[in-house]
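Just below is one structure, and these are the notes that go with it.
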Amino acid sequence: PTFAPEAVTLYELGTKNTFRPATGRIDLNANVFYYDYSDQVFQTLVSLGTGPNNASAGFSQQNINVAQSTIKGFEVETRFDLPHRTRLDVIAAYIDAKADTGALTDTRGTDYADGTPNFNIDISGNELPNVSKVNLNAHLQTTADVFGGRADFHLLANYRSSYHLN
């Protein structure tokens, strides 16, 4: 089956700033955003029907238009130039992503022997899959002269709050 393209109206407001205190440079960027999706595409399992003895013939994963959703949040990105050729980057984001309306088919309750139908599950108000509310990233980098050359050292840290897979 075919599906319609997603449509999104988005609003974003941001600022980019550079400060130069006596100790180096500081970049501070921030933005807030609001996305309004219609005909959002999800992947769902669709029954392939029945085979011999009314056994399931299996399932197919298909893309279908199922939801209207809203995604809103903010992001702050900083960069600090530190002494001794060292730099620290920190990024923080908060995302609230929910389905406003929509339904997915749940094939787990299907009994092909007695003709039990698939169930549609209303996803209105549910969080969207694979979206963490809180994301934090930090990157510390320094450069050192080593054996007549230069070496870069990096330390990375990442935090992502829990999220739903479906």
Side-chain angles (χ1 to χ4, degrees), residues 1-19 25-49 56-82 86-112 116-142 152-166:
T2 60
F3 54 94
E6 294 179 328
V8 63
T9 301
L10 61 99
Y11 304 93
E12 186 167 349
L13 178 66
T15 181
K16 294 185 178 287
N17 303 280
T18 299
F19 304 98
R25 171 182 166 167
I26 299 172
D27 292 336
L28 175 62
N29 305 324
N31 68 346
V32 294
F33 54 88
Y34 180 90
Y35 294 6
D36 184 12
Y37 274 94
S38 59
D39 292 324
Q40 188 167 17
V41 175
F42 280 75
Q43 289 185 337
T44 190
L45 291 177
V46 176
S47 171
L48 296 175
S56 169
F59 300 93
S60 171
Q61 191 169 23
Q62 295 181 355
N63 292 328
I64 60 173
N65 298 94
V66 297
Q68 313 296 331
S69 65
T70 303
I71 301 171
K72 55 190 171 186
F74 65 87
E75 181 180 46
V76 176
E77 177 183 342
T78 59
R79 175 182 173 178
F80 302 94
D81 285 342
L82 304 171
T86 303
R87 184 177 93 198
L88 174 65
D89 298 294
V90 178
I91 301 171
Y94 175 82
I95 304 170
D96 181 23
K98 293 198 175 175
D100 300 325
T101 62
L104 289 172
T105 301
D106 185 357
T107 57
R108 295 172 296 179
T110 304
D111 181 349
Y112 294 96
T116 303
N118 292 327
F119 298 98
N120 284 331
I121 299 174
D122 183 8
I123 61 169
S124 300
N126 289 0
E127 293 179 5
L128 295 179
N130 301 316
V131 180
S132 297
K133 281 196 177 289
V134 177
N135 295 278
L136 303 171
N137 296 286
H139 175 208
L140 183 65
Q141 173 184 341
T142 191
D152 292 326
F153 298 95
H154 300 263
L155 178 62
L156 304 169
N158 183 3
Y159 169 79
R160 182 175 182 184
S161 64
S162 63
Y163 57 92
H164 301 284
L165 294 176
N166 56 25

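Quick note: numbers below take in every heavy atom, side chains included, and nothing from hydrogens, waters or symmetry partners.
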(request) Given side-chain contact (heavy atoms from CB on, under 4.5 Å), test Gln40 with Leu128 step by step and report yes or no. (result) CA-CA 11 Å; Gln40 188 167 17; Leu128 295 179; 4.0 Å; yes
(message) I need the Asp27 CG to Asn17 CG distance, nearest 0.5 Å.
(response) 9.0 Å
(message) Using only atom types and a distance under 3.5 Å, with no angle test, would you say the side chain of Asn65 pairs donor to acceptor with the backbone of Ala4?
(response) yes
(message) Can you tell me how far apart OG (Ser69) and CG (Asn126) are? Round to the nearest 0.5 Å.
(response) 12.0 Å
(request) Evaluate the side-chain proximity of Thr70 to Tyr37: yes if any heavy-atom separation is below 4.5 Å, no if none is. (result) no
(request) Find out whether Lys133 and Tyr163 are in side-chain contact, i.e. whether some heavy atom of one side chain is under 4.5 Å from a heavy atom of the other. (result) no
(request) Quick one: closest heavy-atom pair of Ser124 and Gly102, and the distance? (result) OG-N, 3.6 Å
(message) Within this structure, what is the CZ-CG distance for the pair Arg160 and Asn130, rounded to the nearest 0.5 Å?
(response) 6.5 Å
(request) Answer yes or no: is there a side-chain heavy-atom contact under 4.5 Å between Asp89 and Arg79? (result) yes
(message) Main chain of Thr9, side chain of Asp36: is a donor-acceptor contact present, judged purely on distance under 3.5 Å?
(response) no
(message) For a 4.5 angstrom cut-off between non-hydrogen side-chain atoms, does Leu155 reach Phe153?
(response) no
(request) Applying side-chain contact (heavy atoms from CB on, under 4.5 Å), run through Asp39 and Glu6 and close with a yes or a no. (result) CA-CA 5 Å; Asp39 292 324; Glu6 294 179 328; 5.5 Å; no
(request) Taking the side chain as every heavy atom from C-beta outward, state whether Leu28 and Val76 have any atom pair closer than 4.5 Å. (result) yes
(message) Below 30° counts as parallel, above 60° as perpendicular, anything between as tilted: where do the rings of Tyr11 and Tyr34 land?
(response) tilted
(message) If the condition is side-chain hydrogen bond (donor to acceptor under 3.5 Å, both in side chains), which residues does Thr101 pass it with, not counting sequence neighbours?
(response) none
(request) Compare all side-chain heavy atoms of Ser132 with those of Tyr159 and state whether any distance is below 4.5 angstrom. (result) no
(request) Check whether any side-chain heavy atom of Phe33 sits under 4.5 Å from a side-chain heavy atom of Leu10, and report yes or no. (result) no
(request) Only one of Leu88, Asp152, Leu82, Thr86 passes side chain to side chain contact (heavy atoms under 4.5 Å, CB included) with Thr142; say which it is. (result) Thr86
(request) Kindly compute the distance separating CG (Asn135) from OH (Tyr94), expressed to the nearest 0.5 Å. (result) 11.5 Å
(message) Let me confirm one number: the CG-CD distance from Leu156 to Gln141, rounded to the nearest 0.5 Å.
(response) 9.5 Å
(message) If I compare all heavy atoms of Ala67 with all of Ile123, which pair ends up nearest, and what's the gap?
(response) CB-CD1, 4.2 Å
(message) Could you measure the distance from the CD1 atom of Ile95 to the CD1 atom of Ile71? Nearest 0.5 Å is fine.
(response) 8.0 Å
